[in-house]
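Read through the structure below, which is laid out as structure tokens, and then see the notes.
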Number of protein chains: 2
Amino acid sequence: MPERKPRKDAARNREAVLAAADALFARRESPEDVTMADIAAAAGVGKGTLFRAFDDRAGLLLALYQKRLEPVRYAVEAGPPPLGPATPPRERVSALLDAVLCFKLDNRRLALALEEGGSGSPYRTEHYERLQRLLRSMLEQIPGLTDGEFAAHALLAATRADLVELLAGHEGVPRERLRAQLADYVARVVDAPAPGEPAA
Amino acid sequence: MPERKPRKDAARNREAVLAAADALFARRESPEDVTMADIAAAAGVGKGTLFRAFDDRAGLLLALYQKRLEPVRYAVEAGPPPLGPATPPRERVSALLDAVLCFKLDNRRLALALEEGGSGSPYRTEHYERLQRLLRSMLEQIPGLTDGEFAAHALLAATRADLVELLAGHEGVPRERLRAQLADYVARVVDAPAPGEPAA
DNA sequence: TACGATACGGACCCAGGGTCCGCTTTGCAA
DNA sequence: TTGCAAAGCGGACCCTGGGTCCGTATCGTA
């Protein structure tokens with residue numbers, strides 16, 4: 001095992017930083033005015049500590065995101081229907097996208113911070129790739145859907161953090177309405193006839 | 001008229017900056033390593049000049065983008081079918097999204113720079129709002145499509161610059177294939193039956 | 001040609017991410 | 001218990017890059 005267990009003060013500080021960052025992102029308007037120094041100060045820790053634990057800003061954001069995501073991920077990988085693996089593809093696609101949307105609604109600032117500030121593209125990240133692959137494999141089990149690869153990307157794009165922020169935040173669309181809109185949209189994509197044979 | 005005509009050296013410099021920036025964004029791998037100082041140097045101009053002409057980085061990016069967009073915009077607002085206003089809604093939706101995709105393919109780095117680095121959300125920009133409104137109004141003329149507002153956002157999200165960059169750039173999907181994928185996807189959304197009445 | 005208005009340019013400023021290194025804490029072992 | 005590496009700490013420090021300032025040069029009009 002190449003991993004050695006960290007010293008307990010290190011572990012405690014790591015948690016403190018995570019908690020402080022979480023609180024700050026929830027409190028402040030825009031993620032970009034939460035500075036690394038702020039987080040360090042709020043956690044009662046030096047900047048060095050913070051960078052040693054998470055490498056860089058993107059690393060911290062990612063760690064926070066993954067921590068928040070853990071329960072959802074578990075529900076998807078091993079939970080009961082409609083999110084869990086025992087669900088038929090059609091319903092699971094809807095449930096999955098709804099879960100993603102809800103997650104972003106519940107973690108707006110954080111998701112925003114990660115998708116803008118994260119090192120380069122939000123697409124080159126472990127959890128996006130996993131999610132996209134899962135969605136893709138489910139789409140490909142639905143008869144009549146030709147290109148699961150692209151469709152998975154496109155559907156996920158409809159839940160991008162900044163779009164959610166625009167609709168839920170700036171335009172004040174209520175949560176349930178947004179969920180209904182996404183559900184309708186997903187239904188259109190998933191239940192559509194094969195392209196090349198328009199309904200008309 | 002509140003606008004006074006600029007001095008001719010100012011106009012010349014403005015063009016030089018635009019050209020230099022354009023070249024730099026096309027040449028360099030990532031937009032974030034094109035610095036303002038680089039642009040100024042490449043244009044043979046001082047930094048002050050550059051900021052006087054465009055206010056800030058976002059302003060320069062926006063000016064460049066709009067300049068590139070001008071012909072497309074014209075084709076949409078006053079050109080012949082299938083992009084122009086005389087086109088029936090169903091075809092025009094496809095044509096519009098294809099045009100957006102092609103534009104982003106032809107201006108990858110620039111679009112990327114604008115969508116990431118632009119002042120805050122890429123959604124709070126004049127041209128996005130115009131585009132989204134137009135798409136929305138066309139979608140609402142298509143029978144059976146309930147929520148044009150959300151669908152317009154969601155469809156445009158499928159052409160986000162970083163997604164295009166991932167697929168066309170990093171994964172090497174050829175241009176025509178990507179266009180076909182998007183066309184299929186759009187067809188699914190637009191030609192789908194009303195939600196609540198699945199095709200099965 | 002003279003002179004006000006406009007523009008130039010690069011030295012300068014500053015915030016914020018990331019590093020460094022002398023000091024402290026931890027925890028194993030004698 | 002105490003000794004002593006190794007691991008961790010923290011905040012002064014560095015550097016990049018966006019944005020500003022102001023003395024100087026240019027424009028264009030009378």
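Chain letters run A, B, ... following the sequence lines, proteins first and then strands; every chain starts at 1.
For the OP1/OP2 pair of D:dT16 and a distance below 4.0 Å, the side-chain nitrogens and oxygens of B:Thr35 include no atom meeting the criterion. Checking the phosphate oxygens (OP1, OP2) of D:dG8, no side-chain nitrogen or oxygen of A:Asn13 falls inside 4.0 Å. A sub-4.0 Å separation between OP1 or OP2 of D:dG28 and a side-chain N or O of B:Lys8 is present. Neither OP1 nor OP2 of D:dG8 sits under 4.0 Å from any side-chain N or O of A:Thr49. Under 4.0 angstrom from either OP1 or OP2 of D:dG18 there lies at least one side-chain N or O belonging to B:Arg57. Proximity of B:Arg7 to the phosphate of D:dT26: no side-chain N or O atom is located under 4.0 Å from OP1 or OP2.
Going from atom CG of B:Asp9 over to atom C1' of D:dA25 covers 10 Å, rounded to whole Å. One atom, CG of B:Leu61, and another, C1' of D:dG18, lie 13 Å apart when rounded to the nearest Å. Atom C1' of nucleotide D:dT20 and atom CG of B:Asp55 are separated by 13 Å, given to the nearest angstrom. Atom CG in B:Leu60 sits about 16 Å away from atom P in D:dG17, given to the nearest Å. In this entry the distance linking NZ of B:Lys5 with P of D:dT29 reads 8 Å, nearest Å. Regarding A:Lys47, its NZ atom lies at a distance of 9 Å from the C1' atom of D:dC13, rounded to whole Å. Atom CG of A:Leu50 is separated from atom C1' of D:dA12 by 16 Å (rounded to the nearest Å). Between A:Asp38 atom CG and D:dG11 atom P there is a gap of 15 Å when expressed in whole angstrom units.
A donor-acceptor distance shorter than 3.5 angstrom exists from the side chain of A:Asn107 to the backbone of A:Phe103, with no hydrogens or angles considered. A donor-acceptor pair under 3.5 Å is formed between the side chain of A:Glu115 and the backbone N or O of A:Ala161.
Under the 4.5 Å side-chain criterion, counting only non-hydrogen atoms from C-beta, B:Val190 is in contact with B:Leu139. Between B:Glu149 and A:Glu171 there is a side-chain heavy-atom pair separated by less than 4.5 Å.
Among the nucleotides C:dT26, D:dG18, D:dG10, the one closest to any side-chain atom of B:Phe51 is D:dG18. In this structure, the nucleotide among C:dG9, C:dG17, D:dG18 sitting nearest to the side chain of A:Met36 is C:dG17.
Residues A:Arg14 and B:Asp33 each lie close to DNA chain D; by heavy-atom proximity, the contact nearer the 5' end of the strand is made by A:Arg14. Nearest-nucleotide mapping onto DNA chain C: of A:Arg52 and A:Val34, the residue sitting toward the 5' end is A:Val34.
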(message) For A:Arg133 and A:Ser137: C-alpha separation, side-chain torsions, deciding distance, then whether side chain to side chain donor-acceptor pair (under 3.5 Å) applies.
(response) CA-CA 6 Å; A:Arg133 273 198 304 272; A:Ser137 77; over 6 Å; no

